[in-house]
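What you see is a predicted model; the values in this text were computed from it and never measured.
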Protein chains: 4
Amino acid sequence: MSLAPKRANNRNDALLDAAADLFATKGFRETTMRDIAKAVGMLPGSIYYHHGSKDDLLLAVYESGVERFLREFSEAQQQETSPLERLKRVMAMHVAAITRDDAYVRVLNRVVPDQVPKHTGSLIALREQYEQCFCELVDNLPLAPWVDRTLLRLMILGAANHAQFWFNPNGRQSAEDVGQNFARFLLESVTQAPPPTSRVIASHKRHGK
Amino acid sequence: MSLAPKRANNRNDALLDAAADLFATKGFRETTMRDIAKAVGMLPGSIYYHHGSKDDLLLAVYESGVERFLREFSEAQQQETSPLERLKRVMAMHVAAITRDDAYVRVLNRVVPDQVPKHTGSLIALREQYEQCFCELVDNLPLAPWVDRTLLRLMILGAANHAQFWFNPNGRQSAEDVGQNFARFLLESVTQAPPPTSRVIASHKRHGK
Amino acid sequence: MSLAPKRANNRNDALLDAAADLFATKGFRETTMRDIAKAVGMLPGSIYYHHGSKDDLLLAVYESGVERFLREFSEAQQQETSPLERLKRVMAMHVAAITRDDAYVRVLNRVVPDQVPKHTGSLIALREQYEQCFCELVDNLPLAPWVDRTLLRLMILGAANHAQFWFNPNGRQSAEDVGQNFARFLLESVTQAPPPTSRVIASHKRHGK
Amino acid sequence: MSLAPKRANNRNDALLDAAADLFATKGFRETTMRDIAKAVGMLPGSIYYHHGSKDDLLLAVYESGVERFLREFSEAQQQETSPLERLKRVMAMHVAAITRDDAYVRVLNRVVPDQVPKHTGSLIALREQYEQCFCELVDNLPLAPWVDRTLLRLMILGAANHAQFWFNPNGRQSAEDVGQNFARFLLESVTQAPPPTSRVIASHKRHGK
DNA sequence: AATGAATGAGATTTCATTCAT
DNA sequence: TATGAATGAAATCTCATTCAT
């Protein structure tokens with residue numbers, strides 16, 4: 001029931017895949033309709049049968065990207081019950097998603113909404129949907145009272161998104177490792193074991209693992 | 001008598017300022033030579049008296065941006081002697097630099113080297129110079145043995161750079177506050193006051209403030 | 001039924017014709033893409049659908065020119081069996097080709113390879129193909145032993161090519177006449193049918209030297 | 001009396017030299033005012049103190065080129081009294097002049113008058129002056145009655161001018177040799193000892209050798 | 001669904017030339 | 001005499017888009 005109709009237009013899927021890949025890798029302005037057409041084996045004019053404009057094409061990719069991210073996000077979240085563990089899991093997923101060869105999510109962080117005049121508003125709204133996930137996540141964290149939760153959320157996002165610029169899939173750490181470490185840096189403090197007892201949480205942590 | 005004659009070419013300075021501003025705000029590809037020319041009150045062709053190409057112009061801005069950043073960085077670093085305090089100070093400076101209306105530094109994080117084919121190599125080298133600063137800084141930090149310093153450095157960079165996308169200079173916190181907080185999140189752990197004594201560092205901290 | 005569909009792209013032929021004509025008549029640098037576009041009733045940008053750059057366009061014209069010349073050359077050569085007669089026929093053809101309103105061959109002598117940086121090498125190679133024809137032709141000539149065949153070949157080429165600058169199709173002699181005469185000048189000697197003893201001078205010369 | 005005033009403006013001489021060299025070597029349209037200025041160590045604007053425009057500059061070079069050629073031509077001519085020897089001498093001089101590193105004469109054959117709209121007429125007139133020399137020369141030649149003197153003149157010019165494209169100063173023959181040979185090809189006939197009677201001239205030839 | 005051929009607006013760049021100093 | 005700075009017109013080229021087929 002759900003498969004047949006969707007698979008009718010699998011040229012369109014290939015088109016979106018190619019566009020996502022190029023937008024994520026080279027950038028929006030740097031990718032031409034010709035590039036996309038060539039990647040999928042069509043002529044530039046043919047793209048317009050599927051999508052009204054380059055901006056529309058990006059919007060479609062963006063929507064798909066957010067949708068995928070949201071799905072992964074909620075999956076990740078459901079795997080853990082402790083808020084702290086949830087953060088780790090989500091950050092691991094986030095870095096993984098952003099550095100994966102699946103390009104849809106990468107586009108979200110590579111293409112800035114105001115590069116796409118026709119849809120700036122929609123794109124911002126989509127991004128917000130995407131960032132919104134983290135609000136809840138951070139709000140449920142048992143944090144010290146001095147912590148500004150908004151700022152923490154932004155720090156988490158920034159750290160994870162930045163991975164797109166340096167992460168090497170063949171490096172010594174997996175994307176999951178990176179995400180987990182980022183979470184630990186925040187939750188356990190990176191400074192050298194100060195007064196002994198203070199490490200309780202951290203040691204807990206490690207046992208859990 | 002010795003300064004004035006040299007400043008016959010302060011149109012070039014204005015040119016660089018305008019270019020930096022537009023590149024940082026709209027992006028490299030999104031900014032046309034016409035835009036820059038109009039902003040500085042020249043004709044597009046006139047720009048080429050000063051810079052051989054759009055790519056060259058960007059390179060000049062980038063170089064200037066790195067130079068400025070390096071200068072501010074070393075100033076910030078010299079203000080503190082404790083490595084921990086240094087980190088705070090530097091992060092505060094970093095967020096401030098990136099969100100300031102001085103556009104040169106912002107360009108460093110807005111324009112990706114491979115958007116500028118002619119100078120990709122040089123730009124990457126410049127970025128490395130810029131990122132290198134943080135190596136030393138992080139290396140001198142007294143960290144728990146489990147901490148991967150490279151990862152920490154990348155997290156710091158990502159968090160600070162990301163501020164360019166959301167920081168509001170009229171918001172309730174200054175850029176300095178943001179930077180300081182980011183540093184604290186890492187150094188003190190954000191989790192809820194666990195075993196009481198562990199907060200020693202933090203209270204120390206607050207006194208310092 | 002089988003020809004028509006193929007000739008959907010005869011705009012490209014028209015394009016090449018117009019380019020050849022303008023390049024041959026005005027010169028390469030003196031001809032703008034606008035000129036060509038106007039001559040063929042397109043917009044300048046449209047040319048780029050068919051040819052990637054002005055240099056590419058010239059290369060296409062050049063290739064076609066050499067091809068045409070080679071075809072005519074071999075036809076001319078096959079019409080005669082005596083090497084001497086062959087030279088006459090070929091020179092007649094050569095002058096005719098160069099002064100004809102078919103511009104492709106004219107381009108070969110009007111556009112100097114290093115005016116076209118992108119294809120200098122290819123153009124030189126093409127010219128060589130064109131000049132090579134004459135090697136064989138001259139090599140098969142029964143010449144006096146003192147004659148430097150390379151020099152003779154270059155003289156023939158120079159004489160014929162130069163016709164492009166002065167030949168008037170409405171003048172009293174046809175291009176064929178001109179070519180035939182050029183050949184006779186070389187083969188029969190232009191000096192007055194002279195009293196045998198007249199050759200004294202020549203031998204003098206050689207003594208003098 | 002004639003030197004001092006002339007040497008006042010030797011910057012101008014350098015300017016003309018540089019322009020002649022570049023025009024002859026790269027071509028008129030291919031040479032920019034910047035190129036010329038750089039070659040002579042001025043800024044582009046400074047050229048306009050000496051010459052009103054690029055076209056004017058070319059005209060000056062052209063005039064100088066014709067003047068030089070005429071001078072050499074008449075010197076060459078005066079060295080011989082026999083018309084036939086004169087032709088040899090002049091052709092030797094011609095090839096030498098055209099392939100020499102003194103660029104003024106080369107410009108005459110590299111730059112086509114209608115590349116210089118402002119002075120097309122003057123340039124044609126100058127060229128005619130230059131070509132006129134050869135009229136007289138050829139008219140005084142004792143030629144067989146079947147020979148079209150105009151055509152012969154044009155052949156001579158074409159052959160000599162073409163040398164600019166292939167002559168190699170380090171090759172096995174000097175420019176003088178080349179010119180002499182060209183003249184001999186015409187005056188002595190290049191064919192091998194042909195059929196007895198009609199070839200009287202030619203057979204003589206071979207005796208001479 | 002797709003293509004081939006073009007369009008048209010606008011981008012970067014080039015370059016002869018000008019002009020106050 | 002010469003220069004530094006700019007101009008302005010025009011050149012080449014790019015690219016999203018259109019449209020008849």
Could you state the [atom1]-[atom2] distance from [X] to [N], rounded to the nearest angstrom?
| X | N | atom1 | atom2 | value |
| --- | --- | --- | --- | --- |
| Arg11(A) | dT3(E) | CZ | C1' | 12 Å |
| Lys118(A) | dT17(F) | NZ | P | 7 Å |
| Lys38(C) | dG8(E) | NZ | C1' | 17 Å |
| Leu57(D) | dC15(E) | CG | P | 16 Å |
| Arg34(D) | dT17(E) | CZ | P | 13 Å |
| Asp35(C) | dC13(F) | CG | C1' | 16 Å |
| Leu43(C) | dT17(F) | CG | P | 18 Å |
| His51(B) | dA5(F) | NE2 | P | 11 Å |

Applying side chain to side chain donor-acceptor pair (under 3.5 Å) between Asp56(A) and each of His51(A), His119(A), His50(A), report the one that passes.
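Result: among His51(A), His119(A), His50(A), His119(A) is the only option passing the side chain to side chain donor-acceptor pair (under 3.5 Å) with Asp56(A).
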
Quick one about Arg106(C) and Thr25(C) (side-chain donor to acceptor, distance below 3.5 Å, no hydrogens or angles considered), yes or no?
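Their side chains do contain a donor-acceptor pair, which is all the 3.5 Å distance test asks for.
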
Please determine, for the side chain of [X], which listed nucleotide ([options]) has the closest atom?
| X | options | result |
| --- | --- | --- |
| Thr32(C) | dA11(E), dT12(F), dA6(F) | dT12(F) |
| Tyr48(A) | dA10(F), dT17(F), dA5(E) | dT17(F) |
| His50(B) | dA16(E), dA6(E), dA6(F) | dA6(F) |
| Pro44(A) | dA5(E), dA2(F), dT17(F) | dT17(F) |
| Met33(A) | dT17(F), dA16(E), dT12(E) | dT17(F) |
| Ser53(C) | dG8(E), dC13(F), dT12(F) | dC13(F) |
| Lys54(D) | dA11(F), dA16(E), dA5(E) | dA16(E) |

Backbone N or O of Leu108(A) within a donor-acceptor pair of the Arg127(A) side chain at under 3.5 Å?
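Indeed, once roles are kept as given, a pair shorter than 3.5 Å links the two residues.
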
Pair assignment for dA20(F), Watson-Crick or G-U wobble, requiring both distances under 3.5 Å:
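Across any shown strand, dA20(F) pairs with dT3(E).
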
Can you name the one residue among Thr31(C), Val116(C), Ile36(C) that meets side-chain contact (heavy atoms from CB on, under 4.5 Å) with Leu57(C)?
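For Leu57(C), the side-chain contact (heavy atoms from CB on, under 4.5 Å) check succeeds only for Ile36(C).
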
Verify the neighbour count for atom NZ of Lys118(B): are there more than 12 heavy atoms of other residues, nucleotides or ligands below 6.0 Å?
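Yes, NZ of Lys118(B) has more than 12 neighbouring heavy atoms, counting only those of other groups under 6.0 Å.
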
Mapping Ser46(C) and Gly45(B) to their closest nucleotides on DNA chain E, which lands nearer the 5' end?
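Closest to the 5' end, via its nearest nucleotide, is Ser46(C).
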
Which residue lies toward the 5' end of DNA chain E, Met42(C) or Asp55(B), if each is placed at its nearest nucleotide?
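Nearest-nucleotide comparison on DNA chain E picks Met42(C).
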
Need to verify one output field. Residue with the more 5' nearest nucleotide on DNA chain F, Arg29(A) or Tyr49(B)?
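By nearest-heavy-atom nucleotide position, the 5'-most residue is Tyr49(B).
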
